[in-house]
Protein chains: 2
Amino acid sequence: MTVQPCTVPAVSAERLDREDWLEAGLDALERGGVEAVAVVPLARSLGVTRGSFYWHFGSRGELLDGVLERWERVHSDEVLDALQAIEDPRRRLGALFERSASKPPSIFVRLLDAADREPAVKAVLERSARRRIEVLAQACREAGMSPAEARRRATLCYAAYVGLARMTADGSLDMSPRERAALSRHLLATLVP
Amino acid sequence: MTVQPCTVPAVSAERLDREDWLEAGLDALERGGVEAVAVVPLARSLGVTRGSFYWHFGSRGELLDGVLERWERVHSDEVLDALQAIEDPRRRLGALFERSASKPPSIFVRLLDAADREPAVKAVLERSARRRIEVLAQACREAGMSPAEARRRATLCYAAYVGLARMTADGSLDMSPRERAALSRHLLATLVP
DNA sequence: ACCTGAACACCGTTCAAGT
DNA sequence: ACCTGAACACCGTTCAAGT
């Protein structure tokens with residue numbers, strides 16, 4: 001009697017690969033922030049010992065790199081691509097802030113928090129900032145500003161966004177989501193008249 | 001032969017009190033940020049074992065509370081008091097940004113970074129934000145804005161400041177100190193015309 | 001190829017025992 | 001009153017040994 005080989009992947013493979021760890025890591029990042037991307041707890045949740053981890057990754061930092069790369073692809077690239085499609089510059093700016101402000105920016109803030117300790121996070125934030133400032137600056141130029149002025153305004157705009165996100169997270173800004181949204185619009189109206 | 005009792009405090013007392021730990025903690029905070037306020041390294045630098053620490057404090061968190069309180073008294077209260085003395089509102093605003101931007105805001109940024117993990121830090125930042133926004137708002141009112149408008153502008157202004165501090169720290173903002181100062185002035189001129 | 005198990009280093013916390 | 005010393009829990013990292 002010959003047994004048919006199983007053609008569908010087993011529900012829970014006994015052996016893991018890099019992919020499994022990365023998935024679990026991203027999940028942990030979304031639930032508990034950068035600190036939650038930790039070897040021992042992850043190993044526990046995968047039903048395996050810590051030693052197993054080090055066959056797939058050289059260090060916890062390497063895992064974090066991979067996890068952040070994934071996060072960036074999903075949560076940053078997609079969003080920016082969608083924005084580029086909006087032609088009216090003012091409307092595009094509005095959409096950038098709308099998107100950024102609506103869903104709780106928890107992961108973003110968690111990344112801000114971790115930037116100091118984690119070089120990998122620093123790099124992600126740097127890219128994120130550069131790209132968003134570029135989107136903002138382009139919209140400003142299309143709205144009629146000089147390149148230098150556009151860059152200044154865009155930078156301030158992004159800085160204010162970062163600051164508002166931070167303040168909302170740590171409770172320095174006690175405002176309802178509605179008030180926050182109004183403040184964002186106010187910011188745009190003030191900086192890009 | 002009777003020995004004279006020593007009237008000056010010994011250079012290194014064999015026994016420590018709360019004060020010694022707080023001092024060492026503040027020093028550590030300034031050198032290495034919130035994470036550096038750690039029991040074991042501190043004990044080591046004080047030439048004592050970890051067990052000693054727990055006679056003076058209930059936990060590492062309690063130490064951090066005390067250290068932050070001290071930091072706030074020295075680095076926040078003093079500065080704000082000095083500002084209140086400037087009568088011209090525009091000049092006062094300029095001075096607030098000057099002071100905040102000139103000396104590297106490293107501790108401030110470190111606090112921003114730690115807010116997520118450390119409730120004590122959150123409280124400090126909350127107070128700091130409230131007070132600075134109040135100073136900004138008052139200056140705006142004195143410059144002729146309505147109270148509501150003043151509050152909005154002040155909040156945006158502070159948010160931009162927080163964001164700029166953060167971005168400078170993590171390298172998202174690659175600008176010279178001179179450029180940063182110019183940007184700060186630009187911010188003020190834009191938000192408080 | 002992937003994993004276990006035990007080791008070591010590091011930090012937070014507790015506590016009985018010392019002075 | 002203040003401190004030691006040893007214990008325990010937790011996480012990161014290494015590595016010889018298993019399948």
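Each chain gets a letter, A, B and so on, in the order the sequences are listed, and its residues count up from 1.
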Nucleotide D:dT4, atom P - distance to CZ of B:Arg15 in whole Å: 8 Å

Base-pairing mate for D:dG18 - Watson-Crick or G-U, with both contacts under 3.5 Å: C:dC2

B:Pro41 side chain, from C-beta outward: closest of D:dT4, D:dT13, C:dG12: C:dG12

Nearest-0.5 Å distance, CG of residue A:Leu111 to CG of residue A:Leu29: 6.5 Å

Separation of atom CH2 in B:Trp55 from atom P in C:dT19, rounded to whole Å: 19 Å

Closest to side chain of A:Val48, choosing from C:dG12, D:dC11, C:dC3: C:dC3

Atom-pair distance (CZ on B:Arg60; C1' on C:dT13), nearest Å: 13 Å

Euclidean distance, atom CH2 of residue B:Trp21 to atom C1' of D:dC3 [Å, nearest integer]: 10 Å

Any side-chain donor near an acceptor of the partner, B:Arg180 and B:Thr168, under 3.5 Å: yes

Ion pair B:Glu118/B:Lys122, N-O distance below 4.0 Å: no

Short side-chain donor-acceptor distance under 3.5 Å, B:Arg18 and B:His56: no

Length of the line joining A:Arg50:CZ and C:dA9:C1', which is rounded to integer Å: 12 Å

Interatomic distance where CG belongs to A:Leu63 and P belongs to D:dC11 [whole Å]: 15 Å

Interatomic distance where CZ belongs to A:Phe53 and C1' belongs to C:dT4 [whole Å]: 16 Å

Electrostatic pair B:Glu35:B:Arg110 at N-O distance under 4.0 angstrom: no

P spacing across the pair C:dA7 / D:dA7, given as an integer number of angstrom: 15 Å

Nearest-angstrom distance from the residue atom CD of A:Glu19 to C1' of C:dC2: 17 Å

Side-chain N or O of A:His56 closer than 4.0 Å to phosphate OP1/OP2 of C:dA1: no

Presence of B:Arg44 side-chain N/O under 4.0 Å of C:dC11 phosphate oxygens OP1/OP2: yes

Pair partner, D:dC8 [Watson-Crick or wobble, under 3.5 Å]: C:dG12

A:Tyr54 side-chain N/O to D:dT13 phosphate OP1/OP2 under 4.0 Å: yes

